[in-house]
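Heads up: the structure comes next, in structure tokens.
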Amino acid sequence: MIDAPLPRAPRTRIGRFFDSDIWYSFIRSPLVILSAVVSIAFFAAALFAPWVAPHNPFDLASIDLLDSSLPPVWLEDGDTRFLLGTDDQGRDILSTIIYGARISLFVSLAAVFFSMVLGITLGLVSGYVGGRTDAIIMRIADVQLAFPAILIAMLIDGVVRGLLPRDLHGDIAIYVLIFAIGISGWVQYARTVRGSTLVEKNKEYVQAARVIGIGPVIILWRHILPNVTGPVLVIATIHLAIAIITEATLSFLGVGVPPTTPSMGTLIQVGQDYLFSGEWWITIFPGIALAVLVLAINLFGDWLRDALNPKLR
Amino acid sequence: MTLLTIKGMRVEFPSRRGHVTAVQDLTLDVAPGEILGVVGESGAGKSTIGNAIIGLLEPPGEMTAGEITLQGDRIDTLDEVKMRAVRGARIGMIFQDPLTSLDPLQTVETQLIDTIRENLGVSEREGNERAVALLDAVGIPDPAIRIKQYPHQFSGGMRQRVVIALALCGEPDLIIADEPTTALDVSVQAQILDLMKGLCRDRNVGMILITHDMGVIAETADRVAVMYRGRVVETGTTEQIINHPTHEYTQSLISAVPPPGRRLARFPLVTYIEDAQERPEGLNLETHWLGQSRDYGAASDILLEIENLHMRFVTRGSIFPSKRLFLDAVKDVSLSIKSGEVFGLVGESGSGKSTIARMITGIYKPTSGSIRFAGQEITGLTRKDAAPLRRQMQMIFQDPFSSLNSRMRVKDIIAEPIHFHGLASSNAEAQKIVNDLLDVVGLGAQAAVKFPHEFSGGQRQRISIARALATRPRFLVCDEPTSALDVSIQAQVLNLLKDLQSELDLTMMFISHDLPVIRQMCDRVGVMRHGQLLEVSETESLFTNPQHEYTKHLLDLMPKFTGFGAQAAE
């Protein structure tokens, strides 16, 4: 039925990846390649900030007040040392964006990971055990969905703020933020994983494992979990974009990371005071960076969802 | 004059990795009132022919050569608008699954009348009269009342009758029926085939009947075309093909069909199928690890005993007990299975066969009743206490595509039960056992590093068997192990199971809806209907002298296929 013998599928893991339909679809969509490149550039810049950034904006020794409020390099009075200009204290905007992205991405990635672990665990248990356990977990999820995620994050942040002494709060603010964003996002994962688990647990390979005598924990971990991770990956990508926005929003409102720590949100918040005094670059550039990053991740996530869904291919 | 002529048809599916040719050099013709059977195994390109004729090839498939003429007009070159006028009015289509080929949101009346008016342009009233007459013609009682109903209010067989009525709406000259009875129970299948035969004759409609089932062909078709890998290898009258096949493939295909009339020691080896493999010589199971399964203590005469077993499922839950709805899947079943015998359970879908298997193997907890394995009560045991017994009984499942975890390599799938029950002292020993098991089931050790999706259905079923053997069980439950397989693959898998059963001295429970298969495999048979066990007897006496009315009924409906294989084996 086949004319020419088809080339045999490569044996190695890498070889199989480059041979896969996903890679094929990726390499043929320029927009997706662009968004992947932008995302990876942001991640790399954030990870290697101390080496990538032209200045260290938090090294007081390198900051000179004489350099304050310089416009971007292409405007009159611009300085070639400061590509995107400086703020009122003479810090390089480009460098603060890179350091800000570092904090923002750390918070968002950690929050997404926390959401994922919590949501997948609850989803697996809910779907596999069923009955009352399922009902309780899913009703909690329903109740939480009735509140906007940002409200929940603010609520948690507020409670922790009220409980902890002021001086301690500054140190753990980032972790509170991670917890708050993480908690507000687990429902998506739990619902998706529960749905897939309900399908998978009735498949015969799970029954075969039960006939062997294997217990529920190992069945969930070894058999069901690897088969429900596809959709989770997609949700995680899109959730990452949402988490970045949430972090920025909370920090902008002053309930996220302390104003002294640079993150996308705090940069925009600090900069907006100067909008009307003419130094628009202090807030506009971090804003553009945030928008581009989130757009890139979203585009990538949308593509991933379509590529992993055989019905849309 | 011929009704439909296909000349030199070639259908290709372009893909990233080159063109796949689904059908090539196909030449066929159908006369008015004639039923042409197209038979072949999965992937032979049967369905592609039907789709190509009505111009509904799944993209990116396309017809790259040949011509199709219907009553002298070429239809393969027509554009979409003109082709729509051909579909329905001149060619009707009957699909496999009556559950999905009707619109669940519209009454049967709406679907029929719309189709009639679209194709014949008659008035609403005449459309209605014709619709009722059609339902009457396809044997639906009270057509005037039932026509107002929705598809879900019809049973599977009745729904397929509606689908046939729908295909007849435009008064077509040709009907293409693609596996029209595959989704139906045997008793319904016989009625539908009779109906289609009668309709073709009465209305002088030609039919292309696409099926994998030689029994269906034998009972229905006037002429047969046998397909193998996209080509027609043999065409002839049904009588000629079944009794005197000339092509080697047709011969092996026919000899692989289990004869209902006799019990074969083994199926003749089907040599024409490529993944046919027999076990390599030199592996003596008697002395091998696998054969050392006699460490269970004294074997009692009766291995498994079931008493008053009952299973009730909640179909609608409610916090008020009075509002709950139940389904009694298994009602008060008692049976016993002797050591070393193969016990068959036969019945139509929904009769509770699989539920019994799942209660024995511990997937379901019975509502009441007792299951004793080797003298020990196993209902109510905790998972830990049951583990040593679980090791002694394993199960082979129906669907080879869902019974293996697609994320695990074959070696991990088979090694899992070995590790779980601590049957190997080291990883290397477990790996050695896995390789031997793969040899035993005829796959070869090189299969170990692959993933399940790299195998065909029959090969996957062999992996399932290897996994089941990995715990060195003495009791094997086979739940429809071959019903998802092609007939030639089925013959191989049944041979394998027979060999293993005798060499390893296994006790087996063999579940099937297929009476000829049951006859080949089982020593004793239980007949089930609606959750009740109606009759248990020796296989031979069940087939020659059935006691229960229902058993007689089932035997009457069994396809009486005795072809080339019967003579070849004699």
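By convention in this document, chain letters (A, B, ...) are assigned in the order of the sequence lines, proteins followed by strands, and residues within each chain are numbered from 1.
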Nearest non-hydrogen partners of A/Val211 and B/Phe397, listed with the distance: CG2-CZ, 4.2 Å

CZ (B/Phe313) with more than 12 external heavy atoms under 6.0 Å: yes

Euclidean distance, A/Tyr205 OH relative to B/Arg467 CZ, rounded to 0.5 Å: 11.0 Å

Contacting region of B/Leu404 [heavy-atom separation from chain A under 4.5 Å]: backbone

Option that, when pairs with chain A are counted at under 4.5 Å, heavy atom only, ranks first among B/Lys384, B/Met393, B/Arg231, B/His421: B/His421

Distance (rounded to the nearest 0.5 Å) between B/Thr361 OG1 and A/Gln207 CD: 8.0 Å

Within-4.5 Å side-chain heavy-atom neighbours: B/Asp479 and A/Glu204: no

Interface residue of largest heavy-atom contact number with chain A, from B/Gln394, B/Arg390, B/Met395, B/Glu416, under 4.5 Å: B/Glu416

Proximal component of B/Met408, with respect to chain A [non-hydrogen, under 4.5 Å]: side chain

Residue pair B/Arg383 / A/Ile214: nearest heavy atoms and the distance that separates them: NH1-C, 3.7 Å

Residue-level contacts of residues 218-227 of chain A with chain B, using a heavy-atom cutoff under 4.5 Å: A/Arg222, A/His223, A/Pro226, A/Asn227

